[in-house]
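The figures that follow rest on heavy atoms only: side chains count, while hydrogens, waters and symmetry mates do not. We name chains A, B, ... by the order of the sequence lines, and we start the count at 1 in each one.
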Amino acid sequence: SQQGEEDPQALSIQEGENATMNCSYKTSINNLQWYRQNSGRGLVHLILIRSNEREKHSGRLRVTLDTSKKSSSLLITASRAADTASYFCATDGASGTYKYIFGTGTRLKVLA
Amino acid sequence: DAMVIQNPRYQVTQFGKPVTLSCSQTLNHNVMYWYQQKSSQAPKLLFHYYDKDFNNEADTPDNFQSRRPNTSFCFLDIRSPGLGDAAMYLCATSRVVGRAEQYFGPGTRLTVT
């Protein structure tokens, strides 16, 4: 299976702290995406990083990709209570597959 | 605003009673996906359409079917729901198969009694 594994499974931090979550995957990819899911809702796209990119920023989000280790990390800086959600990585297949497989997710709780 | 709409948001059905979930999009995307998500788990891809081409995942049960009558609408039919089919069902769209971000609807939570 190409499914990514994320760690930690759950993370609880204080508002203002940084949150880091990691994603590991098994096969080569063209790109990797991160999504956020608030409880009981659909997923919202956060950022896409291509296999030839090593780092990408979007507001308070920073994503890194290490294709040699088949891993990615998502850093949320200066977290807010509104960042409380589940975060999923999703990978496609470099071999020409056309679908994304989601990782197991990290449940982030930001305490006010 | 362009978006992905799912109806109903909550659906209760009886064991073995067919149920249909619907998804519509105003994004004019050529790809539509259906995912099943159980509590505290990752979304699991059931199938997707690239225009009218249907692509089923190998492990999607035969109990699950889909229809896409036009670009805007896609339906998920569960022919004989079992208790194990209770889940959140998510519809998503994308512009280019596997190469672009997916836009998700809010989901339909299915309860089987």
SB check E15(A) R80(A) (cutoff 4.0 Å): no
Residue Y35(B) versus chain A: region with a heavy atom under 4.5 Å: side chain
Residue-level interface, residues 72-87 of chain B with chain A, non-hydrogen cut-off under 4.5 Å: none
Engaged part of Q37(B) at the chain A interface, taking heavy atoms whose separation is under 4.5 Å: side chain
Derivation of the side chain to side chain contact (heavy atoms under 4.5 Å, CB included) call for E57(B) and D59(B): CA-CA 6 Å; E57(B) 291 301 294; D59(B) 56 354; 3.7 Å; yes
Minimal non-hydrogen separation, F88(A) against P43(B), with atom names: CE2-CD, 4.0 Å
Criterion side-chain hydrogen bond (donor to acceptor under 3.5 Å, both in side chains) against S73(A), the qualifying member of T64(A), N22(A), D66(A): T64(A)
Results of ring-ring contact (aromatic ring centres under 6.0 Å, His included) for Y35(A) - residues two or more places apart only: H45(A), F102(A), F104(B)
Test of ring centre spacing under 6.0 Å for F47(B) and F54(B): yes
Under 4.5 Å from a heavy atom of chain B, the part of Q9(A) involved: neither
R68(B) with D51(B): basic N within carboxylate O range, under 4.0 Å: no
Structural part of Q41(B) lying under 4.5 Å from a heavy atom of chain A: backbone
Passing candidate, side-chain contact (heavy atoms from CB on, under 4.5 Å) with I76(A), options M21(A), E17(A), R62(A): M21(A)
